[in-house]
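Keep in mind that what you see is a predicted model, and the values were worked out from it rather than measured.
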Amino acid sequence: MSNSAEFERMLRGAALRVTAPRLAVLTAVHAHPHSDTDTILGHVRQTLGAVSHQAVYDVLRALTAAKLLRRIQPMGTVARYETRVGDNHHHLVCRSCGVIVDVECAVGEAPCLTAADDNGFVLDEAEVIYWGLCPACAALPASLPNP
């Protein structure tokens, strides 16, 4: 099955109309996980031509609300989007170049971690971001400034 057919099925399953902007955003985010809105907008414009920033924001909001996209925002960065949803995976973020990589759940099934005190909450998800240097940045000589 093609991605387009799968994305159409996902939209219908979420009770959303199948539109060219929604398909273009899903395609862009699937092809470029952890992209920010401007990057997604650029890819959507390559596919559809003229489309407003607001239209892409609206589609991202609708797809995130429908749980077809996951929005992540590591501290100090802009929001990023990915199509990998529902598995409570975590992320590695490079402090130098900003690359973001998926990493499997810390331990076991969601929420993956046990809070020391849940204060009566019924926990269903844990969001973990590991920070450090990616292999490329870690390999740079210490005397060179990192990008």
Side-chain angles (χ1 to χ4, degrees), residues 1-113 115 121 123-147:
M1 179 182 290
S2 73
N3 280 343
S4 182
E6 178 66 13
F7 294 151
E8 288 180 24
R9 185 194 60 74
M10 291 167 53
L11 287 166
R12 287 187 183 100
L16 293 173
R17 285 185 315 117
V18 175
T19 65
R22 287 177 178 162
L23 289 172
V25 167
L26 280 170
T27 300
V29 175
H30 180 73
H32 307 280
H34 310 125
S35 290
D36 61 23
T37 306
D38 288 337
T39 302
I40 295 165
L41 177 64
H43 292 293
V44 169
R45 284 183 174 163
Q46 287 176 357
T47 302
L48 299 180
V51 63
S52 73
H53 213 114
Q54 188 60 50
V56 170
Y57 272 117
D58 291 345
V59 169
L60 288 168
R61 191 175 308 111
L63 296 178
T64 301
K67 300 191 183 312
L68 298 180
L69 292 182
R70 181 176 178 192
R71 180 185 187 273
I72 62 168
Q73 189 168 6
M75 184 178 63
T77 70
V78 297
R80 312 284 182 130
Y81 297 88
E82 63 184 347
T83 55
R84 185 175 171 188
V85 298
D87 67 351
N88 196 210
H89 69 280
H90 307 305
H91 296 94
L92 304 165
V93 180
C94 180
R95 290 185 186 279
S96 182
C97 69
V99 71
I100 300 174
V101 178
D102 290 340
V103 63
E104 297 308 314
C105 209
V107 178
E109 298 298 317
C112 304
L113 302 172
F121 282 64
L123 301 177
D124 61 12
E125 183 177 358
E127 184 174 315
V128 176
I129 298 177
Y130 299 95
W131 293 87
L133 295 176
C134 70
C137 291
L140 291 174
S143 61
L144 292 177
N146 291 338

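Distance NE2/H34 to CG/D102: 3.5 Å, rounded to 0.5 Å. One distance of note links CZ of R80 with CD1 of I40; it measures 9.5 Å at 0.5 Å rounding. Separation of atoms CD1 (I100) and CD1 (I72) is listed at 4.5 Å; rounding is to 0.5 Å. Between Y81 atom OH and L60 atom CG the span is 5.0 Å, to the nearest 0.5 Å.
Here Q54 pairs with D58 under the side-chain hydrogen bond (donor to acceptor under 3.5 Å, both in side chains) rule; sequence neighbours left out. The salt bridge (charged side-chain N to carboxylate O under 4.0 Å, His left out) test applied to R45 returns no partner, not counting sequence neighbours. With sequence neighbours excluded, no residue forms a side-chain hydrogen bond (donor to acceptor under 3.5 Å, both in side chains) with E8. For T39, the side-chain hydrogen bond (donor to acceptor under 3.5 Å, both in side chains) test picks out D36, with sequence neighbours left out.
H43 and H32 have parallel rings, their planes meeting at less than 30° on a 0 to 90° scale where 60° marks the start of perpendicular.
For the pair L41 and S52, the tightest heavy-atom approach, listed with the atom from each and the gap, is CD1-O, 4.0 Å. Taking both residues in full, the closest heavy atoms of A62 and L16 are given as O-CD1, 4.3 Å, listed atom of the first, atom of the second, then distance. Nearest heavy atom pair, residue L68 against residue A14, reads CD1-CB, 4.0 Å. Annotation for C134 and C94: closest pair N-SG, 3.3 Å, computed over non-hydrogen atoms. The heavy-atom pair separating S96 from L133 by the smallest distance is CB-CD2, 3.7 Å.
Within the structure, side chain to side chain donor-acceptor pair (under 3.5 Å) pairs that include any residue of residues 63-74 comprise R70-H89, R71-Q73 (at least two apart or interchain).
Inter-residue side-chain proximity for V93 and V99 is flagged as unmet; no heavy-atom pair is nearer than 4.5 Å. A 4.5 Å side-chain heavy-atom check between L63 and L11 finds at least one atom pair inside the cut-off.
Residues H91 and E82 have side chains that bring a donor and an acceptor to within less than 3.5 angstrom of each other.
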Expected list for residues 17-28: side-chain donor-acceptor pairs under 3.5 angstrom, two or more places apart:
residue : atom : partner : partner atom : Å
T19     : OG1  : R22     : N            : 3.2
R22     : NH1  : R17     : O            : 2.9
T27     : OG1  : L23     : O            : 2.8

